[in-house]
Amino acid sequence: MQLVVARIGRAHGIKGEVTVEVRTDEPELRLAPGAVLATEPSSVGPLTIATGRVHSGRLLLRFEGVADRTAAEALRNTLLIAEVDPEEVPEDPEEFYDHQLIDLDVVTRDGTEIGRISEISHLPYQDLLVVQRPDGSEVLIPFVSEIVPEIDLEEQRAVVDPPPGLLDDSQAEIASSRGDS
């Protein structure tokens, strides 16, 4: 099974390094020197990681055969894809691979059906579950423990405890920045 583990950002310096947006909870395993990664678009790869280091809180990678800034800049926005055994699970029981979550039924604590997870959207600060509702519409649910308290892989369901307004706009609470006078 293939998993997207990073997206290449801009070139850094003149020796072929690039910044990467990490999309794995195991970068030390998936993005280690010597790792060979498939790419999207596939015409760019496969790429072999030559070196990796952290600079100012960002991961910088250099790939074999990419020796200058021009070559590094040509890789921008390329997705890096690792081959993973489908039976492999993350070490932390509170972590999940995207393929484990896709197609889970989503229900509220009281059993009300919300829909089915169609994809995971990885944003810089948190992930979102993209849930396809039975009527064909979509709802985005922040993948945080306060809102998604339970993932049951055996039962193939995700239990959500949504705040008012997340699933139904008519229940939204309006917050005002003005004080009551």
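All values below were derived from every heavy atom in this structure, side-chain atoms included, with hydrogens, water molecules and symmetry-related copies excluded. Just so you know, these numbers come straight off a predicted model, no measurement behind them.
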Participant: Under 4.5 Å between side-chain heavy atoms, counting indirect links through other Ile/Leu/Val/Met/Phe/Trp/Tyr residues: same cluster for Val139 and Phe143 or not?
Facilitator: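 Linked, Val139 and Phe143 end up in one cluster.
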Participant: Testing the basics here: between Pro142 and Leu128, what is the closest heavy-atom pair and its distance to 0.1 Å?
Facilitator: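 Closest approach of Pro142 to Leu128: CA-CD2, 3.5 Å.
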Participant: Using 4.0 Å as the upper bound for N to carboxylate O, is an ion pair formed by Arg157 and Glu150?
Facilitator: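 So Glu150 pairs with Arg157 through a salt bridge.
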Participant: Flag yes if more than 12 heavy atoms outside Arg10 fall under 6.0 Å of its CZ atom; otherwise flag no.
Facilitator: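 No.
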Participant: Rounded at 0.5 Å granularity, tell me how far OG1 in Thr108 sits from CD in Glu113.
Facilitator: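 Thr108 OG1 to Glu113 CD: 10.0 Å, rounded to 0.5 Å.
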Participant: May I ask whether Val107 and Leu153 are part of the same hydrophobic cluster, defined by side-chain heavy atoms of I, L, V, M, F, W, Y residues being less than 4.5 angstrom apart, directly or through others?
Facilitator: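 No: no chain of side-chain contacts under 4.5 Å links Val107 to Leu153.
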Participant: Hey, could you give me the CD/CG distance between Glu21 and Asn77, rounded to the nearest 0.5 Å?
Facilitator: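 Between Glu21 CD and Asn77 CG, I get 9.0 Å after rounding to 0.5 Å.
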Participant: Please report the interatomic distance CD1(Ile141) to OG(Ser121), rounded to the nearest 0.5 Å.
Facilitator: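 Answer for the CD1-OG pair, Ile141 versus Ser121, is 13.0 Å.
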Participant: Is the number of heavy atoms from other residues, nucleotides or ligands within 6.0 Å of CD1 (Ile14) greater than 12?
Facilitator: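 No.
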Participant: How close do Val5 and Ala82 get, counting heavy atoms only, and between which atoms?
Facilitator: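 Of all heavy-atom pairs spanning Val5 and Ala82, the closest is CG1-CB, 3.8 Å.
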Participant: What's the separation between atom CD in Glu17 and atom CG in Leu59, rounded to the nearest 0.5 Å?
Facilitator: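 With rounding to 0.5 Å, CD (Glu17) is 9.5 Å from CG (Leu59).
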Participant: Nearest 0.5 Å please: distance from the CD atom of Glu119 over to the CG atom of Leu140.
Facilitator: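 Reported to 0.5 Å precision, the distance equals 8.5 Å.
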Participant: For Arg62 and Gly16, which heavy atoms make the closest approach, and how far apart are they?
Facilitator: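 Reported closest heavy-atom pair: CG-O, 3.8 Å.
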Participant: Kindly indicate whether the side chain of Leu129, heavy atoms from C-beta on, has any atom under 4.5 Å from the side chain of Val106.
Facilitator: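 Leu129 vs Val106: side chains apart.
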Participant: Search all heavy atoms of Ile114 against all heavy atoms of Pro134 and return the closest pair with its distance.
Facilitator: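 Of all heavy-atom pairs spanning Ile114 and Pro134, the closest is O-CD, 3.4 Å.
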Participant: Applying the 4.5 Å side-chain criterion to the ILVMFWY set and letting contacts propagate, would Leu166 and Val159 be lumped into a single cluster?
Facilitator: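 In one cluster with Leu166: Val159, no.
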Participant: If you measure from CD on Gln156 to CD on Gln100, what distance do you get to the nearest 0.5 Å?
Facilitator: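 Answer rounded to 0.5 Å: 9.5 Å.
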Participant: Decide side-chain contact (heavy atoms from CB on, under 4.5 Å) for Ile49 and Phe63; before the verdict, give the C-alpha distance in whole Å, the side-chain angles of both, and the deciding distance to 0.1 Å.
Facilitator: CA-CA 5 Å; Ile49 298 174; Phe63 300 100; 3.7 Å; yes
Participant: Looking only at heavy atoms, what is the nearest atom pair of Ala11 and Glu73, with distance?
Facilitator: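 Shortest heavy-atom separation between Ala11 and Glu73 comes out as N-OE1, 3.2 Å.
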Participant: Can Leu61 be reached from Val4 by stepping across I, L, V, M, F, W or Y side chains whose heavy atoms are under 4.5 Å apart?
Facilitator: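 No, it is not one cluster - the side chains of Val4 and Leu61 are not joined through contacts under 4.5 Å.
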Participant: Could you walk me through whether Leu37 and Leu31 pass side-chain contact (heavy atoms from CB on, under 4.5 Å), step by step?
Facilitator: CA-CA 9 Å; Leu37 301 168; Leu31 301 172; 3.8 Å; yes
Participant: Is any side-chain heavy atom of Leu80 closer than 4.5 Å to one of Thr39?
Facilitator: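 Yes, their side chains come closer than 4.5 Å.
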Participant: Keeping the roles fixed (side chain from Arg133, backbone from Gly115), state whether a donor-acceptor pair exists under 3.5 Å.
Facilitator: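 No.
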Participant: Indicate yes or no: at least one non-hydrogen side-chain atom of Glu146 is less than 4.5 angstrom from one of Pro163.
Facilitator: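 A side-chain contact is absent here, since even the closest heavy-atom pair is not under 4.5 Å.
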Participant: Of all the heavy-atom pairs spanning Ala72 and Val66, show the shortest one and how long it is.
Facilitator: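 Looking at all heavy atoms of both residues, the shortest contact is N-CG1, 3.6 Å.
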Participant: Are Val160 and Ile151 joined in one hydrophobic group, where the rule is that I, L, V, M, F, W and Y side chains link up if heavy atoms are under 4.5 Å apart?
Facilitator: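 Val160 and Ile151: one cluster.
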Participant: Using a 4.5 Å cut-off on heavy atoms from C-beta on, say whether the side chain of Leu60 contacts that of Thr51.
Facilitator: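 No, their side chains stay 4.5 Å or more apart.
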Participant: Answer whether the closest heavy-atom distance between the side chains of Val22 and Val20 falls below 4.5 Å.
Facilitator: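 Result yes, sub-4.5 Å side-chain heavy-atom pair found.
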